[in-house]
Number of protein chains: 2
Amino acid sequence: MNYTISEENYIKAIFRLQRAGKTVSTNALALELETKPASITDMLKKLKAKKLVLYSPYQGCRLSSEGSKLALSIVRRHRLWEYFLAEKLQFKWDEVHEVAEELEHVSSKQLIERLDAFLGFPRFDPHGDPIPDSTGKITMPELVKLITLRPCERARVSGLTDQSADMLKLLKQRKINIGTIVTINKKFEFDQSLEIEIPESIPFIISEQTAQNILVQYEPES
Amino acid sequence: MNYTISEENYIKAIFRLQRAGKTVSTNALALELETKPASITDMLKKLKAKKLVLYSPYQGCRLSSEGSKLALSIVRRHRLWEYFLAEKLQFKWDEVHEVAEELEHVSSKQLIERLDAFLGFPRFDPHGDPIPDSTGKITMPELVKLITLRPCERARVSGLTDQSADMLKLLKQRKINIGTIVTINKKFEFDQSLEIEIPESIPFIISEQTAQNILVQYEPES
DNA sequence: AATAATATTTAGATTTGCCTAAAAATAAAA
DNA sequence: TTTTATTTTTAGGCAAATCTAAATATTATT
């Protein structure tokens, strides 16, 4: 029932990197945790033995349902502390993360439940990320149409209003997927088209109709 | 500048056991930290190398001035968190210690200074123990005459108003020293004499005059 | 499909903090 | 002041979490 700080950090990292269906690679984890792949392999074996992750050699890993539960409870602690630091101790939104990284490993359940109540059961942390409740449920952030964003804003693609084959084909060609982070470069008032940018490719234009169809959620600055 | 949780716990334990002039024995530390004497020896060598303690084999140890500074800052963190837990999160006074043991190792200076301000710079924790300020200074708890205590109360002997040879001889005979914990058993209204008790001896009576002369400070329940 | 490049795992060490068992020093008792 | 008892230290090991270097799988390229 009680895990080391290191174990918790691995679980958190896997949670962060894990995208629907896909497995998390050893290398990606090593990068995320600023450690060597060999160390990752060692720890994955241990976490597998503790039934927190699904893992088979060379196949990467995923959180088990128990692992996900743990991840959510760590995220909960982290974000509640971030909220506390920003709201009660006047920390700036970009100073809270580092301190919360330490506070999140204090494991008393009673502490977290009472802190939550003291803070008035907040649902989003200072970065706008949702805070899981005590059962692990999270309030999904509001989905908005991509067309409503303004230049310089960033958002994560989260859904589509029209899932026709033509639409999917278009998105596939542009390499836009669920989870892709999109940055708005310019908005052309003439036809409401947008110049957008996605990681590892050059900016391109999408039409108003397309931008009407893509649902996104705001992404905090990084 | 940054110490492990284990190192901090050793420093705290030495601080707790250290009495003026005297050295802290390896065995006493092993008992306090619920570990084996051999482990203590190992760690004392490391703490000596880091100049936190004065130590020579078979002679016990003491905190260096740097060690004392660290100890005070750990005590400060611990007591501020205890105050927070009791005052803001409605923890009972006897529930705060365990959680504070974990929180005290979160090392951000900024966190502690802001927490202190948020709490209104409290000077005593929920057990009545003084909270060192950011420079390590502590407000001494008020000294009161032993005669003012009531049955069942406990206090630590902290000073004398009259330091005549006769008085000192009397106290020596009764084995009452600075630091001795005294419990009041009964108060005889007739002559204001007190039946008191000190550790490892049977209860005895002291006169009103004597009790007028002994200065004590309240001791939190244990 | 064979080869080159990349990703992952194994093997063997290291550090931290702890342990047990035996040796050495100190303190207490005869 | 010997002898006995107690305290402390040394020596050698163990588990956790990490590392480097070498071996092995997998993936990509020709």
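Order of the sequence lines sets the chain letters (A, B, ...), proteins ahead of strands, with each chain counted from 1.
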How long is the line joining NZ of K46(B) and P of dT15(C), in whole Å? 12 Å
Using a strict 4.0 Å threshold on nitrogen-to-oxygen distance, state whether E197(A) and K186(A) make a salt bridge. no
Give me each pair satisfying salt bridge (charged side-chain N to carboxylate O under 4.0 Å, His left out) with a member in residues 41-56 of chain B, each pair once, sequence neighbours excluded. E7(B)-K50(B)
Separation of dC19(D) C1' from E34(A) CD (nearest whole Å): 16 Å
Check whether any side-chain N or O of R154(A) sits under 3.5 Å from a backbone N or O of I184(A) as a donor-acceptor pair, and report yes or no. no
Reference residue E104(A); test side-chain contact (heavy atoms from CB on, under 4.5 Å); the match among R79(A), R77(A), E82(A): R77(A)
Under 4.0 Å from OP1 or OP2 of dC19(D): is there any side-chain N or O of T35(A) that close? yes
Is Q18(B) reaching over with its side chain to a backbone N or O of L63(B), donor-acceptor style, under 3.5 angstrom? yes
Is a salt bridge present between K12(B) and E101(B), judged by a nitrogen-to-oxygen distance below 4.0 Å? yes
Donor-acceptor check, side chain of S68(B) to backbone of E66(B), threshold 3.5 angstrom: yes or no? no
Nucleotides 2-14 of chain C: protein proximity per nucleotide (B base, S sugar-phosphate only, - neither; heavy atom, under 4.0 Å): -----SBBB----
In whole angstroms, the gap separating P of dT15(C) from OH of Y3(B) amounts to 20 Å
Using a 4.0 Å cut-off on heavy atoms, which residues in residues 5-19 of chain B reach DNA chain D? List them by number, or say none. none
Measuring to OP1 and OP2 of dT20(C), would you say a side-chain N or O of K36(B) lies under 4.0 angstrom away? yes
From CG of L29(B) across to P of dT9(D) the rounded distance in Å is 11 Å
Under 4.0 Å between a Lys/Arg side-chain N and an Asp/Glu carboxylate O for R123(B) and D133(B)? no
